[in-house]
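Worksheet for the structure shown next.
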Amino acid sequence: MEEPLIYLSPAGRWLILGWTFALGAAIGSFLNVVAYRLPRGLNLSRPGSRCPSCGRAIRWYDNVPIAGWLWLRGRCRECRASISPRYPIVEAIAAVCAFVVAWAGIYDMPEVDGLAYALAPVWIAWRLVLVFVLLCAALLEWDGNVAPPRMALAAGLVLLILPVLFPGLRAPWVSESVRFHGLVDSGAAAAAMLLLGLLAWPQIQTTYRHGEMGTGATAVGQMMLVGLTLGMAGGSAATALAAVGVLICLAAACFWSPAARFGWAAWLLAGTLCWTAMASVALARWPERFADPSRTLLVAGVVVAAAAVVSRLLPSRPALTPGDA
Ligand SMILES: [Zn+2]
């Protein structure tokens, strides 16, 4: 067999994985800022990070994601006020999300004269747009806020434009698990997720009490983004998992109220990551199960509808106070 044109050594793979991990941590750091400032109507870029206690600017070398918090042992360098562990935790979650996506991008892309490796960074960026929009929405929901619809709209545009600019993302030689399924199929998958969202509507109403967190339309919009990106099989699987996850959290919130903070965005993110990590294995092991997209959709529809019926037996999610986390 001929040597591929661009050969990626194991060290090269780990370099990309490590770099994406660091990039994810940095994006997580930015999402911390977004989750705090967006609901308060503050500018996202100015001023730079400040200690919430003494108001002094955080030095660039103390602002390194995850590590900065660790070497200051969770305290401000100036006033020694403690800084919430939430910041490094979010940064670590974002870093792990990025790592999972990079792993799938590197290992699920078939190598055709090294072309796939040239395409892998584009695919990783494309999938990360979905992952980080969901993570941002999950953080906002955690605090009892709602993600603005313009965020999902902007993400939807990027998720559509990238495969147009890089047609390789939908090339026939790209594995089914990482391929963009074309505008028609992806549009159909997004429309199917809208249907699942309507089936889940009773559960969405239980999750977001009337007036508490907007109309829940945001959750349906996020499902459509998941369908657009993962296609019919992936979108159905992620949405069904989210419906079950949210139902479990609604039930758990009866005994332990913080469980209510895991909303639809958090569970759609979990479903998206599971599909990203497992799609190539699932498609290889059970090709017949995913061969017919309408069948996966039907199974998801049954799961979502059942979860919606059960959720009506539960009390509404307890009210969350925006900003106290
Ligand atoms: Zn301070």
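Just so you know, residue 1 is the first one in the sequence shown, and it goes up from there. In listed order, ligands and their atoms are each counted from 1. Every heavy atom of this structure was used, including side-chain atoms; hydrogens, water molecules and symmetry mates were not.
Neighbouring protein atoms of the Zn ion (ligand 1) (N, O or S, distance under 2.8 Å, waters ignored): Cys51 SG, Cys54 SG, Cys76 SG, Cys79 SG.
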Do any side-chain atoms of residues 228-238 form donor-acceptor pairs under 3.5 angstrom with protein atoms, and if so which ones, sequence neighbours left out?
{"residue": "Thr229", "atom": "OG1", "partner": "Leu225", "partner atom": "O", "Å": "2.8"}
{"residue": "Ser236", "atom": "OG", "partner": "Met232", "partner atom": "O", "Å": "2.6"}

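Side-chain N or O atoms of Trp69 include one that pairs as donor or acceptor with a backbone N or O of Ile83 at under 3.5 Å. In terms of modelled atom types and a separation under 3.5 Å, the side chain of Arg56 and the main chain of Cys51 share no donor-acceptor contact.
What you find for Leu140 and Pro148 is that their closest heavy atoms are CD1-CD, 4.1 Å. Across all their heavy atoms, Gly301 and Leu196 have their closest contact at CA-CD2, 3.6 Å.
Salt-bridge formation is not detected for the pair Glu78/Arg50: no Lys NZ or Arg NE/NH1/NH2 atom is positioned less than 4.0 Å from an Asp or Glu carboxylate oxygen.
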